[in-house]
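This report concerns only the one structure given below.
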Amino acid sequence: MGEKRASRYRLADGHPPAHKIEWKPNRVIFHQISDWNDAYANAPNIPGGERWPAAWVQPAQAYRDALQGSGRATLDISYGERERNRFDLFGPEGRPNGLVVFVHGGFWKALDKSFWSHLARGSVESGYAVAMPSYTLCPTVRISEITREIAAAVERAAAMVEGPLFLTGHSAGGHLVTRMISATSPLPDDVRARISHTVSISGVHDLRPLMKAAMNTDLRIDEAEALVESPALLEPMQNARVTCWVGSAERPEFVRQNALLANIWTGLGARTCMIEEPGRHHFDVIDGLADPDHQLTRTLLSPWPAEFPK
Ligand SMILES: N[C@@H](CC(=O)c1ccccc1NC=O)C(=O)O
């Protein structure tokens, strides 16, 4: 039956073009990015997407106020020389089981810690302290400098809370936390050894595509920086465990960047997990962190499943 139809597409050399071959492969994907700005544009591709980041302001403020009211928030702890080198620390009732560090996104060039305080709730109610740093933005500094700032923030916060460390970050923050568990992480060995899990949410793990986007006038990523600052182009540190978490309704580039790191680090010996949360877009994909019972919080704080080899 196929013979007759297939022959319509037969080329002069006798081979039909690949997309016309009548066989049933598991999956064939043709891909090419032509608009690099649109590929990474979140808000314009989400219905009602213009509500963010403003939609985070009130819940973040309310949570900060509530924790301050009960004496469980310490705001603006300094971790470096620059103005933005400050983090907020939120604590559970009683002695913390360990420390979560959340690193915010905004393509390394927007926002600060004040938009995300409510996302500490899931971990705080699970008994963990949560540190949320601001950092100097591009173009004032380059991404490699932000990497050093985040390492300084993690080191300072880790000195304040005993126990295991959990790193999580969103988008540009997903890049920064996975950079912390790369073999060339600026973190000292004693801090690295305490990191039990890193969850990169919608992380950008290969910086090279952004060199083709208009935002690179602010980011100033060049080939040399992309090679030393892209987790997907680096080795994982010893004992690295990473979960790459993305929303299934995100831009295809974010879904790809998510799978990319889990894929390549699996081959380099890291313990990895890849999750596409159904229906979530780039802005509501982080909501689970506010809820102690949501799988995002549960996964972040979970031990590596005993049934998997270490
Ligand atoms: N204007 C950008 C904003 C954006 O992508 C974004 C906003 C808040 C937190 C993370 C973001 N993405 C990556 O860092 C956009 O919607 O494409």
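Atoms within a ligand are numbered from 1 in the order they appear, just like the ligands themselves. Heavy-atom basis, side chains included; hydrogens, waters and symmetry copies ignored.
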Checklist entry - Hey, what's the ring geometry for Phe166 with Tyr128, parallel, tilted or perpendicular (30° and 60° as the breaks)? => result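 Correct class here is perpendicular.
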Item to check | Whether Tyr40 and Phe254 hold their rings parallel, tilted or perpendicular, with breakpoints at 30° and 60° | outcome: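 Rings of Tyr40 and Phe254: perpendicular, as their planes differ by over 60°.
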Could you list, one pair per line, each nitrogen or oxygen of ligand 1 together with any protein nitrogen or oxygen closer than 3.5 Å, giving atom names and the distance rounded to 0.1 Å?
{"unit_1": "ligand 1", "atom_1": "5 (O)", "unit_2": "Asn42", "atom_2": "ND2", "d": "2.9"}
{"unit_1": "ligand 1", "atom_1": "12 (N)", "unit_2": "Ser171", "atom_2": "OG", "d": "2.9"}
{"unit_1": "ligand 1", "atom_1": "12 (N)", "unit_2": "His282", "atom_2": "NE2", "d": "2.9"}
{"unit_1": "ligand 1", "atom_1": "14 (O)", "unit_2": "Gly106", "atom_2": "N", "d": "2.8"}
{"unit_1": "ligand 1", "atom_1": "14 (O)", "unit_2": "Phe107", "atom_2": "N", "d": "2.7"}
{"unit_1": "ligand 1", "atom_1": "14 (O)", "unit_2": "Ser171", "atom_2": "OG", "d": "2.6"}
{"unit_1": "ligand 1", "atom_1": "14 (O)", "unit_2": "Ala172", "atom_2": "N", "d": "3.3"}
{"unit_1": "ligand 1", "atom_1": "16 (O)", "unit_2": "Ala43", "atom_2": "N", "d": "2.7"}
{"unit_1": "ligand 1", "atom_1": "17 (O)", "unit_2": "Asn42", "atom_2": "N", "d": "2.7"}

Next on the checklist: Restricting to side-chain contact (heavy atoms from CB on, under 4.5 Å), what partner residues turn up for Pro292, sequence neighbours left out?
Outcome noted: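 Testing Pro292 for side-chain contact (heavy atoms from CB on, under 4.5 Å), a comparison that skips the adjacent residues, returns Arg121, Glu125, Ser126.
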Next on the checklist: Salt bridge or not between Glu162 and Arg95? Use side-chain N to carboxylate O under 4.0 Å.
Outcome noted: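 Yes.
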Next on the checklist: Looking at Leu137, is its backbone amide N or carbonyl O close enough to the side chain of Arg84 to form a donor-acceptor pair, meaning the two atoms are under 3.5 Å apart?
Outcome noted: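 The answer is no, because no donor-acceptor pair under 3.5 Å joins these two groups.
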Item to check | Nearest atoms (heavy-atom pairs only) where Ala131 meets Leu99 | outcome: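 Smallest interatomic distance, heavy atoms only, reads N-CD1, 3.9 Å.
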